Amino acid sequence: MKPRGFTYHQPKTLDEALGLLAASDDAAVLAGGQSLVPMMNARLASPEIVVDINRLASLDAVRIEGDRLVVGALVRHESLIGHPLVQERLPLLSSMAETIAHWPIRTRGTIGGSLVHADPAAQWPLAAVLLEAEIELQSQGNARRIDAADFFEGALSTTLAAGELLTAIRFRLPSAGHGAAFRLLTRRPGDYAIAMAACVVEADRPRRLAIGGVEPRPLDRSGALDGLTTVPEMIEAACREVTPMDDPRAPADYRRRVLAQLVGDCLAEALRGQAS
Amino acid sequence: MTQHAITLDVDGERYELAVEARRLLSDVLRDLGRTGVHVGCEHGVCGACTVQVDGAPMRACLLFAVQLEGQAIRTVAALGDNGGLDGLQQAFHDVHGLQCGFCTPGLLMTLDALLRERAELDEATIREVVSGHLCRCTGYDNIVEAVQLALRRRAKAA
């Protein structure tokens, strides 16, 4: 199918973009378009105004600020895979990016778009929760930061307010020598995951574990690991009190079994990878 | 709806066009005679419409033509040497990397971009890349073989 008509804007500055978003109550932000355009083609989304942010070069940057890796909203999945700062400081993000859809999608799709779309089984919302990220939001005359844990509300639902643009995500950098791992199960390469898990192990902080694709939003399960020493105990604790989504291709009890396996593999790899 | 005046660079040719914002790049390219841009699913899954934008493979059905002013678009019509087949196309022909041919232009554009980036590829990488394209005829084995054949011939010729 083809999209309905819309009014198209291609702002050259962030202020211009925020002005356009403030002026309309039915505007969609077009970044990579790898989720928005399919929805528009199927007429599941028919915004009156489309604000194309692809010319906002300032949003296409990766940098380090103190203990944070700051990734601009317009950074493409593919460019994170080989990015030197990511490879040096947080290679987990590279290995997560590699599993997103397919190459011709990764060359266009953006981290900001994926976060705002908030698919339950998408990689970046999981990474955001795992790495205690702050999400930078701007609107006309206003800017705020919100913890990732408070940003994702449910499937395809966030606390982004009308007129707001996600401009960057600030991942907390784990300390040098950390161990990290990511696991997912898909029916075919590039599909959305049936379940996924990611974890980070550092010498001086509690272990971090987050799971995705299981409930309608990514879950931080780090607290469940407190005081536990063996991987089987951790698997049991992490998967307890989780209510997996249920669909014909991945019934809830199947998802739970997959999750347990992924959590175990993930923890084992991260613990092995930690510098002793 | 409003028409946007844009200049598109397609296969090295410049086109001055007036397009509605909602027009997908895949449809605009077909109207410019690039009927090798095959339109399958129109939601980015099948890969048949894949073209190169500034050298990177992208789904033409997930781009609006109005977005691409000043960027170089390359379709399957740009492949080939002097009206003949290029190395990758010849390899597809030689080892039956296609049957009905619907998926072929998209695969060629992704694989052409891949072969420009990489001199060597292991089978797992080729399979991962090819998995972004639906082919219901070949079972993929012959496509993988075609890529390997093209790589071998290129290495030999170098």
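Computation of the quantities below employed the complete heavy-atom set of this structure, encompassing side-chain atoms and omitting hydrogens, waters and symmetry-equivalent molecules. Worth saying up front: this structure is predicted, and the values here are computed from it rather than measured. Chain identifiers are assigned alphabetically (A, B, ...) following the order of the sequence lines, protein sequences preceding nucleic acid strands; residue numbering begins at 1 within each chain.
- For A/D26, the CG atom sits in a packed shell: over 12 heavy atoms of surrounding residues, nucleotides or ligands are nearer than 6.0 Å.
- Of the two parts of A/R55, only the side chain, counted from C-beta on, holds a non-hydrogen atom closer than 4.5 Å to a non-hydrogen atom of chain B.
- Crowding of B/E117 atom CD: a count of heavy atoms from other residues, nucleotides or ligands under 6.0 Å exceeding 12.
- Residue A/M39: no heavy atom, backbone or side chain, is found under 4.5 Å from chain B.
- Contact annotation for A/L30: only side-chain heavy atoms (C-beta onward) come within less than 4.5 Å of a heavy atom of chain B.
- Looking at B/T2, there are no atoms closer than 4.5 Å to chain A (heavy atoms on both sides), in backbone or side chain.
- Side-chain contact between B/S131 and A/R188 is absent, with no heavy-atom pair separated by less than 4.5 Å.
- Using non-hydrogen atoms only and a strict 4.5 Å limit, the part of residues 20-48 of chain B facing chain A consists of B/A21, B/R22, B/L24, B/D27, B/E42, B/H43, B/G44.
- At a 4.5 Å heavy-atom cutoff, the contact between A/Q34 and chain B is made by backbone and side-chain atoms alike.
- In A/K12, the NZ atom is crowded: over 12 heavy atoms of neighbouring residues, nucleotides or ligands sit closer than 6.0 Å.
- Residue-level contacts of residues 55-69 of chain B with chain A, in order of numbering, are B/A56, B/P57, B/M58, B/R59, B/C61, B/L62, B/L63, B/F64, B/V66, B/Q67, B/L68, B/E69; threshold 4.5 Å between heavy atoms.
- When the shell of 6.0 Å around CZ of A/R43 is examined, it contains more than 12 heavy atoms from other residues, nucleotides or ligands.
- Across all their heavy atoms, B/H133 and A/P104 have their closest contact at NE2-CG, 4.3 Å.
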